[in-house]
Amino acid sequence: MTTIDDYGNYETAWCPGCGNFSILKAVKQALADSGLAPHQVLIVSGIGQAAKAPHYLNANVFNGLHGRSLPVAIGAKLMNSALTVIVESGDGCNYGEGGNHFLAAIRRNIDITMVVHNNQVYGLTKGQASPTSPEGFVTKTQPQGVASSPFNPVTVGVAMKAGFVARGFAGQVDHLADLIRRGIAHRGLSLIDVLQPCVSFNKVNTFEWYQKRCYPLPDDYDVKDWEGAMKMTTQWEDKIPIGVIYQSDRKTYEDHFPLLKEGPLVDREIDRAVIQQIMEGYR
Amino acid sequence: MTTIDDYGNYETAWCPGCGNFSILKAVKQALADSGLAPHQVLIVSGIGQAAKAPHYLNANVFNGLHGRSLPVAIGAKLMNSALTVIVESGDGCNYGEGGNHFLAAIRRNIDITMVVHNNQVYGLTKGQASPTSPEGFVTKTQPQGVASSPFNPVTVGVAMKAGFVARGFAGQVDHLADLIRRGIAHRGLSLIDVLQPCVSFNKVNTFEWYQKRCYPLPDDYDVKDWEGAMKMTTQWEDKIPIGVIYQSDRKTYEDHFPLLKEGPLVDREIDRAVIQQIMEGYR
Amino acid sequence: MADSTINIVIGGEAGQGLLTVGQILVKCIAKSGYSILVTQDSQSRIRGGHNTFTIRMGTQKVVAPKEAVDILLALNKETVGLHKSDISSRGFIIVDEGWGVDENICLKVPFGKWGADGSMNICALGVVTALLGLDRKLVLETMNRFFGSLDEQRLQENRAMLELAFSWAQEQSISFEEPTPSSYALNHLVMNGNDAIALGALTSGLKFYSFYPMTPATPIGVTLAGKAEETGVIVEQAEDEIAAINMAIGASFAGGPSMVGTSGGGFALMVEGVSLAAMTETPIVIVMAQRPGPATGLPTRTEQGDLEFVLHAGHGEFPRAVFAPGTIDECFHLTRRAFDLAERFQSPVFILTDHFLSDSFRDTPPFDLSSLLPVTPGSDTEAQSSPYRRFAFTENGVSPRLLPGSSKHLVVADSDEHTEEGHITEDLTIRKRMVDKRLRKQDGLIHEVLPPDVQGDKRPDLMLVSWGSTRGAVEEVASHLRSEGERIKTLHFSQLWPLVPDKVLDHFESARDVVCVEGNATGQMARLIRRETGFHIEKRVLRYDGLPITPEYILRGLSVTGK
Amino acid sequence: MADSTINIVIGGEAGQGLLTVGQILVKCIAKSGYSILVTQDSQSRIRGGHNTFTIRMGTQKVVAPKEAVDILLALNKETVGLHKSDISSRGFIIVDEGWGVDENICLKVPFGKWGADGSMNICALGVVTALLGLDRKLVLETMNRFFGSLDEQRLQENRAMLELAFSWAQEQSISFEEPTPSSYALNHLVMNGNDAIALGALTSGLKFYSFYPMTPATPIGVTLAGKAEETGVIVEQAEDEIAAINMAIGASFAGGPSMVGTSGGGFALMVEGVSLAAMTETPIVIVMAQRPGPATGLPTRTEQGDLEFVLHAGHGEFPRAVFAPGTIDECFHLTRRAFDLAERFQSPVFILTDHFLSDSFRDTPPFDLSSLLPVTPGSDTEAQSSPYRRFAFTENGVSPRLLPGSSKHLVVADSDEHTEEGHITEDLTIRKRMVDKRLRKQDGLIHEVLPPDVQGDKRPDLMLVSWGSTRGAVEEVASHLRSEGERIKTLHFSQLWPLVPDKVLDHFESARDVVCVEGNATGQMARLIRRETGFHIEKRVLRYDGLPITPEYILRGLSVTGK
Ligand SMILES: Cc1ncc(C[n+]2csc(CCOP(=O)(O)OP(=O)(O)O)c2C)c(N)n1
Ligand SMILES: Cc1ncc(C[n+]2csc(CCOP(=O)(O)OP(=O)(O)O)c2C)c(N)n1
Ligand code: SF4
Ligand code: SF4
Ligand SMILES: [Mg+2]
Ligand SMILES: [Mg+2]
């Protein structure tokens with residue numbers, strides 16, 4: 001039986017007080033609670049402060065390019081379905097540079113869990129606006145404030161009927177760990193957008209700011225009710241619901257391919273006879 | 001006063017019976033009805049069958065890269081706000097390769113009109129699945145049928161509260177022309193997703209298939225009601241609403257910058273004194 | 001250039017079934033024992049326009065296209081006007097009697113009478129095969145196999161039409177002497193460059209192919225997708241090329257031999273991924289099928305304009321190998337070599353083809369698959385001690401590559417500079433050692449480089465230098481010139497990188513005159529040769545109008561360069 | 001290497017206000033008349049770790065960093081351990097007396113007593129400026145200006161702290177002789193490479209700058225964004241680099257001088273756009289600020305590893321120009337030249353910098369803006385007759401470029417091969433002519449190429465070849481070696497492409513020994529030189545550990561290469 005200690009404890013390059021610490025803890029907790037040993041897990045990240053997270057725990061890791069964690073994760077998962085594949089990266093990484101992969105991943109619904117450290121800012125590059133930065137958010141590159149309306153990943157996720165759409169808050173580690181655990185348990189793509197304070201560059205959406213607004217969804221909330229969920233995703237300014245906002249048992253990508261039901265593709269022997277036959281077809 | 005003839009008549013490289021012909025006609029009609037002379041219009045396209053359209057009428061044209069029409073259009077519009085900028089390209093171009101720009105453009109809400117020839121397939125490259133191809137759609141590259149759920153641009157557009165979201169049908173030219181005209185008149189980003197039969201590669205969503213399902217939205221339909229609109233966007237299998245599905249008077253990108261209110265930036269003289277001052281700042 | 005080959009040009013609009021009749025005809029001819037080589041010229045449209053499907057057949061191996069037309073099969077009237085000037089002395093044109101075309105070299109076929117509107121191409125097939133003196137039964141069988149999937153009724157109709165046309169043609173008195181029989185290509189395979197690459201990849205153990213559609217590489221995906229389920233390969237059409245290469249890298253990291261295929265514009269979007277593969281030392285094979293640029297350029301035409309682009313694609317410095325097959329056989333075997341090197345040197349390896357080669361059908365002897373092993377991804381798990389160091393410093397720069405999940409060892413890879421364990425580091429001493437380690441792999445690649453193919457005289461008057469798809473045209477020119485008594489040497493590169501000077505320099509100095517033949521406007525190979533060997537090739541025969549280089553083109557070019 | 005300059009290293013954690021104290025100190029020193037050159041070394045993190053801000057000051061122009069440390073200002077204890085071995089004979093360390101560090105070369109400051117925890121860096125500033133014998137008033141004013149935006153109360157506190165520390169330091173008896181006064185840099189500007197590029201762009205008439213944040217290019221966007229409203233420039237942070245370059249192309253097409261800035265990984269995503277700019281003949285300036293790769297590499301360190309990548313980026317063949325500034329002055333003037341060439345040759349033009357130069361603050365004489373004109377985008381509308389042909393075939397390959405909407409003429413551009421009118425075509429004769437037309441522009445670029453800067457003896461024992469940011473280090477080495485009686489020539493490239501052989505070949509042959517100095521692992525410039533001139537430079541001094549090349553490093557390297 002695995003415990004959170006199996007996932008280790010490492011020094012980080014994050015700022016003291018950063019929301020990333022609790023997200024890291026929640027991820028480790030969730031993996032342990034899922035009864036997974038480190039070598040059964042592959043964490044794929046991009047580039048950013050959040051993307052450094054996988055270096056701070058025990059697991060297989062592919063820390064790729066900024067914005068490209070999803071395609072790498074998809075390739076790895078399709079090749080070895082035995083791996084529990086987690087995508088862990090920032091809001092800029094997943095919704096900015098990687099926006100197109102986000103849309104495609106929701107449509108594919110492959111069994112991957114996305115944990116997005118959403119601090120509503122580009123942290124590692126010193127505080128430019130991210131896709132989720134609020135309109136009017138002032139930075140050194142947006143001195144007149146952000147002119148675009150913010151990207152709401154939960155709204156788009158639900159609108160596109162993603163299999164599992166949740167929002168967590170770095171300030172509530174146990175609740176978050178449970179969300180991640182459920183995301184891992186869910187078959188298909190799970191999105192867990194995590195509200196994360198950035199003490200260095202986001203002076204608007206601070207720990208307190210979130211603390212005041214975040215509330216867990218009521219027990220009688222119906223995660224299957226799409227219309228209700230859509231409406232719920234629009235809550236933000238004064239109240240922010242956290243928890244599983246929408247869940248469906250959509251067919252997964254894997255379900256479409258008999259090939260993928262025969263166990264990990266990586267273990268499959270190639271069949272010479274079949275190829276011989278294919279070659280004969282060219283006569 | 002401009003007429004449709006001012007926009008010319010040219011030979012095309014399209015297949016006989018292609019839905020593109022009527023979309024081309026509708027665009028010309030809409031431009032004429034908007035009282036625009038060809039030189040006041042800039043049409044930006046990507047690559048694909050749809051993207052060839054601007055070569056078949058009179059206007060300023062930038063036929064750029066596959067998937068990249070939106071950023072080019074945005075750059076041009078910001079530089080010369082006097083131009084009426086139209087983005088005309090295919091579903092693969094705008095929702096596939098260009099998906100990330102689509103999201104960003106909706107968020108920016110710059111005054112551009114998108115006319116998307118949505119034939120639910122990659123035409124020019126001979127019939128692979130596009131992001132809007134129905135689940136199970138069989139092609140030479142998807143012999144077991146498309147495994148992803150289709151991208152619904154109208155749903156996502158409304159979910160993200162785009163300024164103007166409409167769906168048209170190539171089979172109803174006047175209705176379509178009117179939608180495009182209204183899109184042009186709307187301040188901010190206008191999305192007009194046009195259902196377009198592809199006689200060569202889409203044997204599922206044929207002219208008849210659309211004809212049977214498309215119906216104009218009732219007069220009492222409230223384009224400002226977001227929840228209603230969201231629900232409306234989910235109609236597809238047996239009934240497909242066409243018309244303006246959602247409209248809001250969101251602040252445009254231009255509204256955020258005093259600079260952009262002083263007329264076309266391209267005409268503005270540079271002010272040496274200001275630059276001198278900036279240089280002095282480095283002492 | 002007098003020669004005994006027969007050049008058959010089928011011309012018509014897109015959508016007239018050119019490809020169908022062309023492919024069946026090719027199979028019929030090859031099955032009859034003749035060697036064949038196909039050149040396809042089509043416009044970037046689905047219907048209309050003007051396309052040609054050209055088959056050059058011969059009793060000996062046909063290695064290049066030719067320009068003179070011996071049989072022009074016109075599926076529409078326009079074709080006649082466009083090509084009649086290319087008709088050879090013995091050549092003639094097959095037309096519909098209804099068009100009222102009146103060249104004395106015309107064979108007027110009563111397509112109309114036969115009510116052949118829908119199946120004109122089938123009738124045409126009957127006429128041509130008859131004129132070539134092919135065996136009627138063989139033709140019927142070949143067609144049947146090709147249409148295998150159609151319903152019996154349609155098959156019946158097609159057969160009837162074919163028989164009708166075949167018999168009619170046999171009765172025509174036309175001064176075209178049938179080609180002398182040949183058994184050269186009996187039971188050869190007929191495939192194009194893309195087919196051979198796909199097959200080579202399958203025999204290498206390909207498990208993952210991701211792509212975003214782009215001419216001329218798309219057919220590789222089509223072929224593989226058609227076989228995906230039976231061969232156990234995932235063929236994934238990605239949302240864009242960036243996703244395609246990153247997926248392939250992920251799949252390869254997880255242990256599946258992976259490949260991507262694209263063309264210039266799509267490859268441009270993969271460039272960052274190439275650098276990622278190099279940094280994470282993940283094997284990947286990249287098929288880069290060239291077409292004329294810049295930008296969208298001419299999507300359905302051919303060029304060799306991206307050599308330097310591919311050679312330097314990716315930020316930072318790292319080893320790579322670049323192959324440029326010139327024949328179907330090379331497409332197959334170099335693809336296999338690419339997978340082998342990618343795996344053993346944990347590096348990106350390129351297969352640089354072009355539109356011409358990609359869809360040029362040719363006959364080729366079948367491959368002996370029994371002797372061809374797939375690659376075995378990853379290193380021996382047992383051999384590793386804890387803590388496992390994915391990027392351990394080694395003498396040859398190659399570190400043990402375990403597959404994630406295959407053991408208790410944790411596999412960590414990072415696009416940042418990293419420690420031996422694969423974790424992010426800013427230790428600049430490690431940085432330097434890691435660069436050195438990665439670059440040491442280049443020595444291994446150099447050690448295994450394929451020397452250029454050298455043919456002909458030791459001290460030639462003229463040495464022709466070429467690479468990739470121009471191989472055959474250059475060979476043919478060489479033998480032609482030799483037949484005229486000149487001393488010719490050919491130096492052909494099927495591997496472009498690494499380029500090892502000592503393997504080539506002597507040859508350059510041995511020649512009185514050196515000419516580089518390339519399908520681009522600036523002579524990229526010549527530049528590379530000078531950079532690596534110091535030898536400056538001043539004379540060039542270059543082509544960049546979108547058409548493949550032919551022997552005739554080279555000869556014209558040589559007379560201009562004044563060799 | 002004995003010299004009279006003083007090297008001040010400020011070391012501490014990210015977030016300790018290193019940059020603040022560093023920047024103020026630099027201004028104080030320059031205002032006092034000394035020349036300065038800053039080297040920043042920081043880790044890729046926001047808090048913690050270890051960063052340094054190094055100021056080399058001199059009475060004459062300082063052109064390069066140096067390694068020996070004369071004053072080590074330690075903002076944390078760790079700094080002492082990391083750098084004390086670099087302390088020069090006359091050097092000493094400023095520490096907090098509370099740390100209990102006991103080097104005899106320590107000046108122990110009672111930061112604690114002063115309750116300086118929050119403003120330790122301000123106190124440190126006071127101590128250093130006093131020891132350097134700078135004028136107290138000047139220091140106070142400079143600090144005030146820097147903190148201009150802060151509230152009066154904070155300003156007061158800072159002033160008080162500074163005074164306290166300044167007075168304290170003046171009373172210390174420490175064997176450090178103040179630098180001889182200098183008026184060299186009086187009223188010079190103090191800016192880094194990124195600042196100078198931004199300023200150069202503004203004077204060129206920049207109207208559009210789009211980017212996606214990426215170290216080390218981001219500060220260009222920050223600077224321009226801060227001035228956007230007043231200068232009338234749109235500064236747009238794009239959703240990704242692909243959007244950034246395509247927006248810039250759109251803006252330029254519409255008539256606004258446009259620029260993008262990025263680093264290797266981001267540029268990789270712009271490569272397709274480069275090819276688009278070339279095909280549509282749209283002017284664009286691309287700042288490519290290098291950092292160590294491959295992939296993410298070392299985000300906050302420096303390298304010259306992307307020369308070949310930039311030189312060949314983009315599919316297809318087209319002209320381009322590549323500049324590599326080596327000084328602040330060049331950053332400014334070459335940026336202006338880039339805009340000029342981009343506009344006149346309707347081509348992509350590159351400014352290749354690196355992390356070292358990007359944030360290296362230096363003093364530079366102010367620019368005489370009055371004499372510097374902005375570019376005038378587009379051609380004369382009146383001069384055009386109908387039908388307007390955007391891509392008319394011309395002798396020099398440059399066609400009249402009208403701006404859309406500026407007249408009744410319709411402007412049509414296409415990424416496909418196109419007719420003179422800009423419409424898509426598959427006419428292969430036009431194709432060839434268009435390629436020729438585009439490539440003719442290269443002749444014009446060659447005609448205007450900047451020859452490399454050549455200094456020193458005609459027939460030297462040693463010629464040092466360099467490019468870009470290593471300029472100063474090489475110059476310093478040269479004069480040092482000359483002072484030791486050697487005959488040295490330096491050949492420095494500030495424009496890398498086009499590279500014109502006849503402008504350089506003689507120099508190579510004039511030297512007994514040639515060594516190429518580059519900030520990469522494989523000697524990319526040396527390869528390029530051989531490719532273009534045939535001259536093979538075998539000896540190289542290369543650096544690729546992420547640190548800038550120093551004179552000391554070169555000297556060590558030379559002793560190894562055995563020159
Ligand atoms: C292609 C590319 N573009 C830009 C960058 C620079 N970059 C590194 S991290 C980052 C943004 C990080 O923001 P986010 O993903 O939100 O992560 P955070 O640091 O906020 O946790 C950027 C733009 C890069 N590494 N690669
Ligand atoms: C970067 C890049 N990738 C791929 C292509 C090849 N390509 C050209 S058009 C096209 C798809 C067109 O589909 P769509 O946008 O729906 O237009 P349609 O032809 O259906 O009208 C593709 C993949 C390209 N030109 N550039
Ligand atoms: S910058 Fe923000 S996100 Fe990054 S480590 Fe610091 S607090 Fe966390
Ligand atoms: S392929 Fe389809 S979309 Fe393209 S022209 Fe033909 S019918 Fe129209
Ligand atoms: Mg973030
Ligand atoms: Mg389409």
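What you see below is based on every heavy atom in this structure, not just the backbone, and it leaves out hydrogens, waters and symmetry mates. Below, chains carry the letters A, B, ... as their sequence lines are ordered, and counting in each starts from 1.
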Quiz item: What part of H409(C) lies closer than 4.5 angstrom to a heavy atom of chain A: side chain, backbone, both or neither?
Solution: backbone
Self-check item: Side-chain heavy atoms of P366(C) within contact of R283(A), under 4.5 Å
Solution: yes
Quiz item: Considering only heavy atoms from C-beta outward, does the side chain of F253(C) approach that of L42(A) to under 4.5 Å?
Solution: yes
Practice problem: Please round to the nearest 0.5 Å and tell me the distance separating atom CE of M279(A) and atom CZ of F332(C). | Solution: 7.5 Å
Quiz item: Is there a donor-acceptor contact under 3.5 Å linking the side chains of H418(C) and N63(A)?
Solution: no
Exercise. State, to 0.1 Å, how close P71(A) and A243(C) come at their nearest heavy-atom pair, and which atoms those are.
Key: CB-O, 3.7 Å
Practice problem: Evaluate the side-chain proximity of I278(A) to E230(C): yes if any heavy-atom separation is below 4.5 Å, no if none is. | Solution: yes
Practice problem: Rounded to the nearest 0.5 Å, what's the gap from CD on E97(A) to CD1 on I242(C)? Could you check? | Solution: 7.0 Å
Practice problem: Check each atom of A248(C) against the heavy atoms of chain A and say whether the ones under 4.5 Å are side chain, backbone, both or neither. | Solution: neither
Quiz item: Which one of P264(A), P258(A), G281(A) has the most heavy-atom pairs closer than 4.5 Å to chain C?
Solution: P258(A)
Self-check item: Distance in Å, T203(C) OG1 paired with I270(A) CD1, rounded so as to fall on 0.5 Å steps
Solution: 7.0 Å
Quiz item: If you count heavy-atom pairs under 4.5 Å between each of N100(A), L70(A), I74(A) and chain C, which one has the most?
Solution: N100(A)
Practice problem: Tell me, for A30(C) versus chain A, whether the close heavy atoms (under 4.5 Å) come from the side chain, the backbone, both or neither. | Solution: neither
Quiz prompt | Between K52(A), E280(A), R108(A), the one whose heavy-atom pairs under 4.5 Å with chain C are most numerous | solution = R108(A)
Quiz item: Among E262(A), R68(A), K77(A), which has the most heavy-atom pairs under 4.5 Å with chain C?
Solution: R68(A)
Self-check item: H188(C) portion near chain A, given a 4.5 angstrom heavy-atom threshold
Solution: backbone
Self-check item: Top contributor to chain C interface from I43(A), L65(A), L83(A) [non-hydrogen pairs under 4.5 Å]
Solution: L65(A)
Quiz item: What distance separates R107(A) CZ from E239(C) CD, expressed to the nearest 0.5 Å?
Solution: 8.5 Å
Practice problem: Count the heavy atoms belonging to other residues, nucleotides or ligands that lie under 6.0 Å from NZ of K25(A), then report whether that count exceeds 12. | Solution: no
Self-check item: chain A contact via D195(C) - side chain, backbone, both or neither, heavy atoms under 4.5 Å
Solution: both
Self-check item: Interatomic spacing from CG in L202(C) to CG in D271(A) - rounded to 0.5 Å
Solution: 11.5 Å
Exercise. Tell me, with the steps shown, if F367(C) and I275(A) meet side chain to side chain contact (heavy atoms under 4.5 Å, CB included).
Key: CA-CA 11 Å; F367(C) 309 102; I275(A) 300 174; over 6 Å; no
Quiz prompt | Heavy-atom pair count under 4.5 Å with chain C, highest-scoring of Q40(A), Q276(A), Q277(A) | solution = Q276(A)
Exercise. State whether the side chain of K207(C) and the backbone N or O of R268(A) hold a donor-acceptor pair below 3.5 Å, judged by distance alone.
Key: yes
Self-check item: Pairwise side-chain contact, N80(A) with P404(C), heavy-atom cut-off 4.5 Å (strictly under)
Solution: no
Quiz item: Where does R145(C) contact chain A at under 4.5 Å (heavy atoms): side chain, backbone, both or neither?
Solution: side chain
Quiz item: Does any heavy atom of chain A fall under 4.5 Å from the side chain of T282(C), the backbone, both, or neither of them?
Solution: side chain
Quiz item: chain A: which of L199(C), T223(C), I249(C), L206(C) shares the most heavy-atom pairs with it under 4.5 Å?
Solution: L199(C)
Quiz prompt | A251(C) to M79(A) - nearest heavy-atom pair and separation | solution = O-CG, 3.5 Å
Quiz item: Are any non-hydrogen side-chain atoms of H101(A) and D240(C) less than 4.5 angstrom apart?
Solution: yes
Quiz item: Contact part of I245(C) toward chain A, heavy-atom cut-off under 4.5 Å: side chain, backbone, both or neither?
Solution: neither
Quiz item: Quick one: what part of L186(C) sits under 4.5 Å from any heavy atom of chain A, side chain, backbone, both or neither?
Solution: neither
Quiz item: Does atom CG of N9(A) have more than 12 heavy-atom neighbours from other groups under 6.0 Å away?
Solution: no
Quiz item: Side chain, backbone, both or neither: which part of K408(C) has a heavy atom under 4.5 Å from chain A?
Solution: both
Quiz item: Atom OH in Y10(A), atom NE2 in H423(C): separation rounded to 0.5 Å?
Solution: 6.5 Å
